[in-house]
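I have placed the structure first, in the form of structure tokens, so that the comments after it can refer back to it.
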Amino acid sequence: MSGLLKPADAEQAREAIAWAVAEETPVEIRGRGSKASLGRPQQTDYQIDLSGLSGISLYEPDELVMSAGPGTPLAEIEAALAEHNQELAFEPADYGPLLGVAAEAGSIGGVFACNLAGPRRIKAGAARDHFLGVHGVSGRGEAFKSGGRVVKNVTGYDLCKLMTGSYGTLAAMTDLTFKVLPLPEKTRTVLALGLQDEAAVALMCEAAGSPHEVSGLAHLPGPVAARSGVSYVAGAGTSVTAIRVEGPGPSVEYRCDALKQMASGKGAVEELHSHNSAALWREIRDVTAFAADAVGSERPLWRLSVTPTNGAEAAKKIQDQAEGEAVFDWAGGLIWLSLAAADDAHADLVRGAVAAAGGHATLVRAADAVRAAVSVFQPQPAALAALSARVKDSFDPRRILNPGRMYPGV
Amino acid sequence: MQMPEPDQAVIGRRRELIQALQRIVAGEGVIYDEAALKAFECDGLTAYRQPPMIAVLPETTEEVSAVLRLCHEEGVKVVPRGAGTSLSGGALPLADGVLLGMGKFNRVLEIDYENRCAVVQPGVTNLGITHAVQDEGFYYAPDPSSQIACTIGGNVAENSGGVHCLKYGLTTNNILGLECVLITGEVIRIGGKHLDSEGYDMMGLLTGSEGLLGVVTEVTVRILKKPETARALLVGFQDLEKAGDCVAKVIAAGVIPAGMEMMDRPAIHAAEAFCQAGYPMDVEALLIVELDGPAAEVDHLIDVVRGISESCGAVSVRVSESEEERLSFWAGRKAAFPAVGRISPDYYCMDGTIPRHKLPHVLTRISELSEHYGLRVANVFHAGDGNLHPLILYDANQPNELERAEDFGSDILKLCVEVGGVLTGEHGVGVEKRDLMGEMFSKADLDQQQRVKCAFDPDGLLNPGKVFPTLHRCAELGRMHISRGQMPFPDLPRF
């Protein structure tokens, strides 16, 4: 027997999970399903679909706060924020096209459950840094809450942090409260052309260490830049390193000039204004260069978070042994790698390079069989793995919520 | 304040425990002399005092690990302590517990400017990090008022904030990696120099866990390049409501200042008398708004904020024209606590957070409560993020005044929760607000938090008596109450 349970409110979500607990039946917890293939493949007879818990329940622009149900489309949230000149400052990426599904199909629950972030991560943080309060149902079938609606709050453990990046393995979130911020008044992007990966990372680290509050630092090697939809980037005919500044007009102009000075010794320099800037950073955020349609879904896609100055070397080490392309974000600290298809997705090679660089790697896209065979998330040392399993048990002792999605048996 | 009943059997084994600890930590690192133990009897919440059974001051992670393993095996409670500046009693010792002082972990291990981070030991002071990197023009952003003395380990335990966290975030937003020892003695490393540690966000969970989950032995912090300029406005209002309105309008205009502080009349007068900051004395509310960044940005935003202030009915606006003047604006605010200490024998500092727009209502209620309890109150307020610090003035030598001050404080915190806020914004629950947790959380909420505690410390040996009003055994918390039933909403389509 199998089935889909689609609760309409938090109480029905609790009933559905309580039923699964009593039956000892594992369930897949999903929002709108746009990232269902992210993580290890799951084999559950039942799904609990939270798309019915949808809608913005609170939005106070002056207080910089919003609450919404987990199934609320991200697009709906972004539209409501745009009306008040606000946004989610952590710039959540849209993984849809990477995973071979439609764009703009994700939910706010998915954004937090996967701890998404975009290029502004280096300045504004990730989803984790903007999550203020949560209501959820644990794998014990019990409703609980944590946090609140104010930014400064140290009352009790910060369970919101545990929820972010837990991929629905600890609880089904039924209501989320998060911080929102004003849109920057103006945006400019400085492009440095023709830098090798190492030199690009060095420039990005120099810019990040400047007082210019840079809000995006990415590097597209030549063949990747050539596929951009932004004509200045595609037509550069070489690699493109992008440096973004945002803020009030006079400040942006001043900082843009200073960064152009910094980059000018290293190669040709261009400047993108608002419209092209927005388009380029959306491409970088969503890694459109490696969308399933663009490179073929059989090519495994890795996401590496590493010590920024070690990024270029780690990517090179991998590309020396496997055909692949890289996109660098976060000043070199985030590397997206699209590699030649392989049964093991080159996992040992990737993880070996990451171990040397300091950081972790996630296999974002690969065939089900590959994701079942290799660790999708970075394997943890024994003591930390045991602790993770105990934390899982503290929420979900029968391991019925998305079991095995992150680690086998957890 | 009821603390867990001391275990006489443990106290009876004190001599053996001292010897066992001396085998781990040599020389003067194990303290058991009564007079010496008195030095640890309280933290910044001085109303509660209790010398520990033994204090131990390890110097290495291996020693911390061995001490915790020993305590775990022997069933002995452990209270970790940094500099002891907690305002909520987070480091209050236990009569049958070992106090684990981390003061000897005072080295900056590595500074990595290229990757904009520093690896430090937990006993390094908050300001010590900035001092270590300032020659290269960098600083560590969170700046609690106690930053000269408080340690980064304590900042992690409490998730400390400061006046600049509106723009730059709290401790939890400014750390990249932790090394932490569990009660079993196991050492775990989380994160590093990269962003977003893998797996469950244990770093986020440990930050603000008040020493109940593990003992931090190394911290990797983000460091930032110092802004090119910073300027501040000093804005006076004839009533608090207008000042509150001004704060909301600044934020609504899309300006996120580096800091935005408010003081009420009693706080202004106390501060002015204490350090002659040049504050206007004829206003009911004073705002300090600081803007930082390149000069072009700061000058532009100063004009924006000045315009908003004037449209909100400000009666005085001063803009700092020099670094000296900017610092003088802050001098009074930063000295607000000692300033209040001078006009009253004792004061009790509260720490609720409220939605900003509730400020006028909350301040009106606080002044009504002040009359009701017959105790004066001065308010300083991190206006930008809604974090309120009412200072209740009392005299501990007067009969019942401490109790009255505590009751007054509880009423303020309940009021904060009632209007949609929280019990503590940055000082922590500790012992002080422990018994108020039920105001904000249901039993189910607290049980789930305690189950997480059980995942780290199943015997409840790390800092017991803090944060949770009632201690449950982990076995009891783990029990499930299952009622088998019908499939919910069976009429839904299935496949």
Side-chain angles (χ1 to χ4, degrees), chain A residues 3-6 15-16 19 21-22 62-63 115 121 125-126 128-129 138 140 142-145 148-158 161-162 164-166 182 205 208-211 247-248 250-251 254-255 305-309 330 333 358-360 377-378 380 383-384 388 390-391 394, chain B residues 113-116 158-159 161 173 186 188 192-196 198-201 204-205 208-209 225 227-228 248 251-252 254 293-294 296-297 300-301 353 355-356 385-387 420-426 428-429 440-441 444-445 448-449 451-452 454-455 480 482 484-485 487-488 492 494-495:
Chain A
L4 170 78
L5 300 175
K6 197 175 168 190
E15 282 172 27
W19 168 82
V21 172
D62 290 2
E63 298 277 332
N115 190 28
R121 172 71 183 88
R128 74 184 287 277
D129 297 293
S138 70
R140 304 168 52 90
E142 293 167 2
F144 69 94
K145 67 171 183 299
R149 51 159 292 180
V150 291
V151 179
K152 246 173 144 182
N153 177 12
V154 293
T155 322
Y157 298 142
D158 189 351
K161 292 284 189 303
L162 267 186
T164 31
S166 67
C205 286
S210 77
S251 165
Y254 166 83
R255 289 182 285 147
S305 176
V306 294
T307 305
T309 47
W330 301 355
H360 57 95
F377 297 96
Q378 185 79 13
Q380 298 185 317
L384 188 55
S388 298
R390 294 198 300 274
V391 168
S394 75
Chain B
Y113 292 111
E114 278 186 305
N115 289 303
R116 302 164 304 284
E158 303 291 333
N159 191 17
N173 312 111
E186 289 168 290
I188 56 169
K193 294 179 180 178
H194 55 281
L195 295 166
D196 299 334
E198 70 286 356
Y200 296 142
D201 190 351
L205 176 64
S209 64
K225 194 74 180 234
E228 286 176 353
I251 301 231
E297 172 170 338
H300 167 74
L301 293 178
T353 305
R356 271 184 299 269
D385 44 36
N387 189 197
V422 300
L423 293 173
T424 171
E426 56 184 357
V429 177
M440 198 170 139
F441 294 114
D445 303 336
Q448 185 51 53
Q449 293 199 23
R451 282 186 203 105
V452 171
C454 292
M480 302 248 280
I482 310 286
R484 290 176 74 93
M487 171 107 177
L492 281 171
R494 302 192 204 143
F495 52 83

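Letters A, B, ... mirror the listed sequences (proteins, then strands); counts begin at 1.
When each of G192(B), A248(B), S209(B), G421(B) is scored by its heavy-atom pairs under 4.5 Å with chain A, the top score falls to S209(B). Chain A forms more heavy-atom pairs under 4.5 Å with one residue of N159(B), L205(B), L301(B) than with any other, namely L205(B). Per-residue heavy-atom pair counts under 4.5 Å with chain B were compared for V150(A), V21(A), D158(A), and the maximum is reached by V150(A). Counting heavy-atom pairs closer than 4.5 Å to chain B, the top-ranked of the candidates G165(A), A143(A), P248(A), G148(A) is P248(A). Each of V429(B), N387(B), N115(B) has some count of heavy-atom pairs under 4.5 Å with chain A, and the biggest count is that of N115(B). Of the listed residues (H360(A), R255(A), R390(A)), the greatest number of heavy-atom pairs within a distance under 4.5 Å of chain B belongs to H360(A). In terms of heavy-atom pairs under 4.5 Å with chain B, the best-connected choice from N115(A), D62(A), V151(A) is D62(A). By number of non-hydrogen pairs under 4.5 angstrom with chain A, the leading residue of E158(B), E297(B), K193(B) is E297(B).
Looking at S138(A), the atoms closer than 4.5 Å to chain B (heavy atoms on both sides) all sit in the side chain, from C-beta outward. Using a 4.5 Å cut-off between heavy atoms, A126(A) touches chain B through its side chain atoms alone. Interface residue E186(B): only side-chain heavy atoms are found under 4.5 Å from chain A. For F441(B), the parts lying near chain A are the backbone and the side chain together; criterion is any non-hydrogen pair under 4.5 Å. With a 4.5 Å cut-off on non-hydrogen atoms, I188(B) touches chain A through its side chain but not through its backbone. When heavy atoms are compared at a cutoff of 4.5 Å, R356(B) approaches chain A by way of both its backbone and its side chain. At a 4.5 Å heavy-atom cutoff, the contact between R140(A) and chain B is made by backbone and side-chain atoms alike. For V306(A), the part lying under 4.5 angstrom from a heavy atom of chain B is the backbone only.
In this structure a side-chain-to-backbone donor-acceptor pair under 3.5 Å is missing from D129(A) to N173(B). Formation of a donor-acceptor pair under 3.5 Å by the R451(B) side chain with backbone atoms of S394(A) is not found in this model. One N or O on the side chain of S305(A) and one on the backbone of L195(B) form a donor-acceptor pair closer than 3.5 Å. Although no hydrogens or angles enter the test, the distance criterion places a donor-acceptor pair under 3.5 Å between the side chain of T353(B) and the main chain of K152(A).
Judged as a side chain to side chain donor-acceptor pair (under 3.5 Å), and not counting sequence neighbours, the contacts of E228(B) are Y254(A). A search for side chain to side chain donor-acceptor pair (under 3.5 Å) contacts involving S388(A) returns Q380(A), not counting sequence neighbours.
Residues R116(B) and C205(A) meet the side-chain proximity criterion, which asks for heavy atoms closer than 4.5 Å. At least one side-chain heavy atom of P355(B) sits less than 4.5 Å from a side-chain heavy atom of R149(A).
To the nearest 0.5 Å, atom OG1 of residue T164(A) and atom CG of residue D201(B) are 5.5 Å apart.
Within a 6.0 Å sphere centred on CD of Q378(A), heavy atoms belonging to other residues, nucleotides or ligands number more than 12.
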